[in-house]
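Worksheet: the structure to be examined is printed underneath.
Predicted, not measured: the structure shown is a model, and the values here were computed from it. In listed order, ligands and their atoms are each counted from 1.
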Amino acid sequence: VPAIVLDGKALAAQVRQQVADVLKAAGSPEVCLATVLVGADRPSRSYVAMKRRDAGELGITSHHTDVPGDASQAEVEDLVRSLAADPAVHGILVQLPLPDGLDPDPVLDLVPAEKDVDGLTERSLGRLVRGLPGLVPCTPLGVLRLLEHHHVPTRGQRAVVLGRSTLVGIPAALLLARKGIDCTVTVAHSRTRDLADVVRQADIVVAAVGVAHIITPEMVKPGAAVLDVGVSRSEEGIVGDVDPAVGEVAGWLTPNPGGAGPMTRACLMENTLAAARLQGVLPPA
Ligand SMILES: NC(=O)c1ccc[n+]([C@@H]2O[C@H](COP(=O)([O-])OP(=O)(O)OC[C@H]3O[C@@H](n4cnc5c(N)ncnc54)[C@H](OP(=O)(O)O)[C@@H]3O)[C@@H](O)[C@H]2O)c1
């Protein structure tokens with residue numbers, strides 16, 4: 001039996017529609033997402049363009065700043081500080097990675113928790129660790145939404161997250177282990193021994209590595225849910241961490257492209273709405 005497709009495009013369309021409906025029902029208040037792009041990294045440029053287009057389609061204003069790639073740490077920090085202080089700005093997104101030589105952490109930590117639509121500041125990540133409500137990184141949130149929407153069982157299930165970045169791997173692991181989700185989580189990384197054995201234990205696999213087809217069918221427990229977050233660029237276009245043949249073994253599988261990517265963008269819109277609520281622009285949910 002082929003795996004059930006965890007269709008990120010379809011669910012993302014629903015999430016976006018919900019955001020648009022909430023804004024409309026609230027009388028279309030002015031909600032502004034500020035995007036900051038430092039340098040001219042081509043994938044980053046197109047990611048920001050797509051995020052701004054999504055915002056526009058939902059009735060969210062976007063305010064974009066293009067910063068030259070040779071800007072200093074102080075210049076980037078000054079910009080984020082001014083957006084943080086601007087009451088007309090409700091969400092701030094600093095597109096990562098920053099060019100070499102710039103340290104992202106001090107920049108991100110200038111974003112107030114209530115405007116932190118990427119969920120990557122010290123404060124937001126700290127709240128996630130504590131299990132407190134707050135804005136959560138978009139890619140792990142999208143993964144969770146896909147599991148929930150498709151009623152993939154999580155309670156007591158074994159989950160393996162490949163990757164330990166603060167952008168994807170660690171927040172994904174924290175979310176999966178959260179009370180109410182209740183997975184037993186293993187985090188694997190480049191130093192993990194016997195990766196195939198580790199992955200084979202898992203009922204849920206979240207692959208956020210960036211190595212093309214690192215997950216092969218032999219590594220996957222029959223019936224497992226496999227979420228392919230990784231992106232590698234090859235001559236054939238975008239390739240995920242998961243060999244498509246895994247679809248013959250897995251119970252559920254995200255397409256890639258068309259899985260985690262669209263959900264990441266939709267969750268950014270959801271987080272922008274949540275940020276606007278935290279700032280009193282919209283009534284609480
Ligand atoms: N679809 C989306 O919307 C979306 C969003 C965000 C990211 N991504 C993609 O997801 C991937 C991960 O992103 P990231 O920001 O977390 O990347 P990252 O910071 O480069 O982290 C990659 C992780 O993979 C681990 N790793 C590398 N080689 C490995 C191997 N052979 N076996 C097991 N683990 C290995 C690394 O281990 P060490 O820690 O030991 O180095 C690291 O923890 C990338 O391909 C990125 O492009 C996609």
Side-chain angles (χ1 to χ4, degrees), residues 6-9 11-12 15-16 35 41-54 93-98 100 103-105 108 117-120 125 128 136-147 159-176 185-202 205-216 218-220 226-234 236-243 246 253-271:
L6 299 174
D7 186 342
K9 255 192 195 164
L11 183 56
V15 170
R16 283 201 308 267
T35 54
D41 177 66
R42 197 176 287 160
S44 293
R45 191 163 288 283
S46 75
Y47 288 146
V48 170
M50 288 192 289
K51 291 167 184 177
R52 296 187 65 208
R53 195 182 63 208
D54 290 345
L93 179 141
V94 180
Q95 183 66 39
L96 299 177
L98 294 180
D100 288 348
D103 182 356
D105 289 347
L108 293 177
V117 291
D118 255 347
L120 293 175
L125 289 169
L128 180 59
V136 169
C138 302
T139 304
L141 184 58
V143 162
L144 210 69
R145 290 271 181 277
L146 278 168
L147 292 172
V160 170
V161 177
L162 285 92
R164 55 177 163 181
S165 71
T166 47
L167 184 65
V168 190
I170 295 296
L174 288 166
L175 283 173
L176 288 164
V185 182
T186 301
V187 178
H189 44 74
S190 66
R191 307 278 181 208
T192 297
R193 264 189 287 129
D194 306 323
L195 185 68
D197 290 342
V198 172
V199 174
R200 215 174 285 116
Q201 302 288 318
V205 180
V206 178
V209 177
V211 173
H213 298 179
I214 187 172
I215 306 287
T216 58
E218 306 73 53
M219 293 167 76
V220 173
V226 181
L227 295 106
D228 186 4
V229 175
V231 171
S232 306
R233 279 158 222 286
S234 76
E236 302 103 70
I238 287 179
V239 180
D241 286 351
V242 178
D243 182 335
V246 164
L253 177 63
T254 53
N256 192 351
M263 284 307 295
T264 297
R265 281 163 51 197
C267 287
L268 174 67
M269 296 300 110
E270 202 180 271
N271 275 352

Quick test of your reading of the structure: of C267, G230, S232, whose heavy atom lies closest to atom 11 (C) of ligand 1?
G230
Can A208 be said to touch ligand 1, with heavy atoms closer than 4.0 Å?
yes
Is the shortest heavy-atom distance from the side chain of P97 to the side chain of S44 under 4.5 Å?
yes
Per-atom contact, atom 43 (O) of ligand 1, protein heavy atoms, under 4.0 angstrom:
yes
Which residue, L147, L144, T139, forms the side-chain contact (heavy atoms from CB on, under 4.5 Å) with L227?
L147
Closest protein heavy atom to atom 34 (N) of ligand 1, given as residue, atom name and distance to 0.1 Å:
H189 C, 3.2 Å
R164 to ligand 1: N or O pair under 3.5 Å?
yes
List the closest protein heavy-atom neighbour of atom 40 (O) of ligand 1: residue, atom name, distance to the nearest 0.1 Å.
S190 OG, 2.5 Å
Donor-acceptor pair, side chain of D228 and main chain of V242, under 3.5 angstrom
yes
Checking contacts here: is it the side chain or the backbone of L167 that comes within 4.0 Å of ligand 1, counting heavy atoms only? Could be both or neither.
side chain
Can you pull out the closest protein heavy atom to atom 14 (P) of ligand 1? Residue, atom name and distance to 0.1 Å, please.
S165 OG, 3.6 Å
Short N/O distance, under 3.5 Å, between V231 and ligand 1?
yes
A student comparing I214, V211, N256, V168 should find that the heavy atom closest to atom 30 (C) of ligand 1 comes from I214
Can you pull out the closest protein heavy atom to atom 2 (C) of ligand 1? Residue, atom name and distance to 0.1 Å, please.
T264 OG1, 3.9 Å
Counting C-beta onward and ignoring hydrogens, is there a side-chain heavy-atom pair between V15 and M269 closer than 4.5 Å?
no
Do P137 and L120 have side-chain heavy atoms sitting under 4.5 Å apart?
yes
Heavy-atom nearest neighbour in the protein, as seen from atom 48 (C) of ligand 1, with distance rounded to 0.1 Å:
V229 O, 3.2 Å
What protein heavy atom lies closest to atom 22 (C) of ligand 1? Include the residue and the distance to one decimal.
V209 O, 3.6 Å
Counting only N and O atoms by type, is there a donor-acceptor contact under 3.5 Å from the side chain of D243 to the main-chain atoms of T216?
no
Give me the residue, atom name and distance of the protein heavy atom closest to atom 5 (C) of ligand 1.
T139 OG1, 3.2 Å
Closer than 3.5 angstrom, by distance alone: can the side chain of S165 be matched with the main-chain N or O of V168 as a donor-acceptor pair?
yes
Does G210 offer a backbone N or O that forms a donor-acceptor pair with the side chain of S232 under 3.5 Å?
yes
Hey, does the side chain of R200 reach the backbone of E218 with a donor-acceptor pair shorter than 3.5 angstrom?
yes
Quick check against the 3.5 Å criterion: does N256 have a side-chain atom that pairs as donor or acceptor with the backbone of V231?
no
What atoms of ligand 1 come within less than 4.0 Å of a heavy atom belonging to G163?
23 (C), 24 (O), 43 (O)
